[in-house]
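As the structure is a prediction and not an experimental result, all values here were calculated from the model.
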Amino acid sequence: MQTFSDALSTFWRIWPVSLELDVGRYVIAAGVMAVILKVFWNFGLSDRKIQARSASSADIRREILTSLRTAVIFSLIGVGIMLGAMHGVFTVYTDFTRAGPGYLALSVIGIIIAQDAYFYWTHRLMHHPRVYRWFHRTHHRSVTPTAFAAYAFDIGEALVLGLFTPLWLVVVPMHALGLFLFMAFMIVRNVMGHSGVELMPRRLADSRLFGWINANTHHDLHHSSFRYNYGLYFTWWDRWMGTEHPQYLAELRGRPERPSAAPAKPLIAYQPVAAE
């Protein structure tokens with residue numbers, strides 16, 4: 001039986017690697033997005049800014065600090081995943097003798113679709129007034145989010161979102177490359193969705209083939225209105241459950257101005273807590 005000292009030694013051997021991956025993924029993705037926006041701002045991106053309001057320096061500092069805290073939490077969950085894989089709780093393999101590239105592709109598509117469903121329902125739950133203050137308040141302090149808000153979560157929300165991957169791995173074996181691709185996709189889409197600029201083609205609003213993909217405007221409307229648009233990658237759940245913002249498609253087309261009035265009453269009512 002592994003002694004406590006052995007377990008602690010294993011933890012300290014694994015955790016720096018996990019921490020480097022999670023912090024690095026956030027810093028690289030958010031940093032690259034910030035640089036892209038800065039470099040190309042005067043070459044058309046300024047015209048695609050979603051909100052008239054801009055985030056303050058204090059907003060950005062808060063987003064970075066809370067996102068780094070989330071990265072630490074995710075890294076600890078990552079240690080659990082690595083230990084679970086080492087002890088047979090999860091199946092994470094590194095070659096293609098167990099399953100070929102076709103399975104890898106299907107498993108990546110599957111985990112993305114499953115996470116979108118998981119996110120939609122946990123997100124709606126975190127808007128319930130009994131849990132909002134403890135789980136989701138920090139994220140909504142970013143009324144006008146920036147790319148640095150990608151991981152700006154309360155501790156409770158970070159744990160809820162971070163637990164998706166081990167829950168998935170209990171059921172579905174994954175190639176290590178598949179997990180890497182999923183994590184890369186997740187942070188890139190998360191950073192894009194919080195960038196405050198519409199980077200998707202506006203014709204997405206009227207596309208029959210690709211209209212199910214969330215544009216950046218989709219999640220930005222959620223931040224500015226405190227209601228609607230609970231989905232992560234796709235519009236499916238919001239459309240099925242009647243929670244898509246009624247102005248989403250018009251906003252994506254770049255037509256009506258966003259109203260300056262106070263946010264409407266949420267579907268699950270709560271009063272946003274003012275920043276302290």
Side-chain angles (χ1 to χ4, degrees), residues 29 33 36-37 40-41 43-55 109 112-128 132 136 139-150 152 161 185-270 272:
M33 179 57 66
I36 289 172
L37 295 180
F40 293 99
W41 190 252
F43 295 91
L45 286 185
S46 61
D47 297 330
R48 299 178 71 86
K49 191 174 186 295
I50 299 171
Q51 296 186 37
R53 179 184 184 273
S54 295
I109 293 170
I112 290 171
I113 292 173
Q115 191 201 19
D116 182 72
Y118 179 88
F119 182 88
Y120 177 87
W121 289 106
T122 56
H123 191 184
R124 285 199 68 179
L125 177 62
M126 286 186 285
H127 271 261
H128 192 282
Y132 171 80
H136 202 45
H139 196 61
H140 270 291
R141 291 178 70 181
S142 295
V143 177
T144 305
T146 74
F148 297 104
L161 298 181
F185 174 83
M186 176 177 62
I187 188 59
V188 169
R189 284 294 286 120
N190 208 347
V191 164
M192 286 177 62
H194 291 93
S195 66
V197 175
E198 186 49 76
L199 300 173
M200 297 288 196
R202 295 203 182 277
R203 62 181 177 272
L204 196 69
D206 302 300
S207 173
R208 292 186 178 183
L209 288 178
F210 302 106
W212 44 271
I213 298 173
N214 278 352
N216 296 352
T217 299
H218 193 273
H219 191 66
D220 198 276
L221 275 167
H222 178 76
H223 275 266
S224 63
S225 68
F226 293 97
R227 67 181 298 190
Y228 299 114
N229 297 3
Y230 297 94
L232 182 58
Y233 306 128
F234 312 117
T235 60
W236 300 326
W237 285 104
D238 282 303
R239 291 179 179 177
W240 291 337
M241 305 309 298
T243 55
E244 185 171 79
H245 196 291
Q247 288 297 311
Y248 165 58
L249 294 179
E251 290 276 355
L252 180 55
R253 293 184 189 107
R255 287 204 269 279
E257 294 270 330
R258 186 157 316 174
S260 58
K265 185 179 179 181
L267 294 175
I268 300 179
Y270 70 92

Next item on the list: State yes or no: are the ring centers of His127 and Phe226 separated by less than 6.0 Å?
Entry: no

Next item on the list: Could you tell me which non-hydrogen atom of Val191 sits nearest to which non-hydrogen atom of Ala147, and how far apart they are?
Entry: CG1-CB, 3.7 Å

Next item on the list: Look up atom CG in Asp116 and atom NE2 in His123, then write down how far apart they are to the nearest 0.5 Å.
Entry: 12.0 Å

Notebook entry, point to check: If every non-hydrogen atom of Ala29 is compared with every non-hydrogen atom of Ile187, which pair is closest and at what distance?
Noted result: CB-CG1, 3.6 Å

Check: Can you list the steps and then say if Met33 with Leu199 is a side chain to side chain contact (heavy atoms under 4.5 Å, CB included)?
Finding: CA-CA 11 Å; Met33 179 57 66; Leu199 300 173; 3.8 Å; yes

Notebook entry, point to check: Going by atom types only, do Thr235 and Asn214 share a side-chain donor-acceptor pair under 3.5 Å?
Noted result: no

Next item on the list: Looking only at non-hydrogen atoms, find the nearest pair between Asp220 and Gly196 and report the distance.
Entry: OD2-CA, 3.8 Å

Next item on the list: With the side chain counted from C-beta on, respond yes when Arg227 and His245 share a heavy-atom pair under 4.5 Å apart, and no when they do not.
Entry: no

Notebook entry, point to check: Going from CG on Leu37 to CZ on Arg48, what distance comes out if it is rounded to the nearest 0.5 angstrom?
Noted result: 12.0 Å

Check: With a 4.5 Å heavy-atom cut-off, do Ile113 and Trp236 have their side chains touching?
Finding: yes

Checklist line | Distance in Å, Met186 CE paired with Leu232 CG, rounded so as to fall on 0.5 Å steps | finding: 9.0 Å

Check: Taking side chain as C-beta onward, heavy atoms only, is Trp237 less than 4.5 Å from Trp121?
Finding: yes

Item checked: Heavy-atom side-chain contact between Pro201 and Phe210 under 4.5 Å -> no

Checklist line | Backbone N/O of Arg53 and side chain of Gln51: donor-acceptor pair under 3.5 Å | finding: no

Item checked: pair Thr243-Asn229: side-chain heavy atoms closer than 4.5 Å -> no

Margin query: Testing the 3.5 Å rule here: is there a donor-acceptor pair between the side chains of Thr217 and Glu251?
Written below: no

Check: Cut-off 3.5 Å, side chains only: do His222 and His218 have a donor facing an acceptor?
Finding: no

Notebook entry, point to check: Can you find a heavy atom in the side chain of Ser54 that is under 4.5 Å from one in the side chain of Lys49?
Noted result: yes

Check: For the residue pair Tyr248 and Ala215, what are the closest heavy atoms and their distance?
Finding: OH-N, 3.2 Å

Notebook entry, point to check: Any Lys/Arg nitrogen of Arg239 or Glu244 sitting under 4.0 Å from an Asp/Glu carboxylate oxygen of the other?
Noted result: yes

Note to self: Could you check, using the six-membered ring where one of them is a Trp, whether Phe119 and Tyr230 have ring centers closer than 6.0 angstrom?
What the structure shows: no

Notebook entry, point to check: Counting heavy atoms not belonging to Arg203, are there more than 12 under 6.0 Å from its CZ?
Noted result: no

Margin query: Less than 4.5 Å apart, side chain to side chain, heavy atoms only: is that true for Asn216 and Val197?
Written below: no

Notebook entry, point to check: Which heavy atom in Ser142 sits nearest to a heavy atom in His223, and how many Å separate them?
Noted result: O-ND1, 2.7 Å

Next item on the list: Show your working on side chain to side chain contact (heavy atoms under 4.5 Å, CB included) between Tyr120 and Phe234 and close with a plain yes or no.
Entry: CA-CA 10 Å; Tyr120 177 87; Phe234 312 117; over 6 Å; no

Next item on the list: Nearest 0.5 Å please: distance from the CH2 atom of Trp212 over to the OG atom of Ser207.
Entry: 9.5 Å

Next item on the list: For Ala205 and Arg253, work out which heavy atoms get closest and say how close.
Entry: CB-CG, 3.7 Å

Margin query: Quick check on the 6.0 Å ring-centre criterion: do His139 and His194 meet it?
Written below: yes

Check: Got Thr146 and Ser195 here, is their nearest side-chain heavy-atom distance under 4.5 Å?
Finding: no

Next item on the list: Give a yes or no on whether the backbone of Leu221 and the side-chain of Gln247 come within a donor-acceptor separation of less than 3.5 Å.
Entry: no

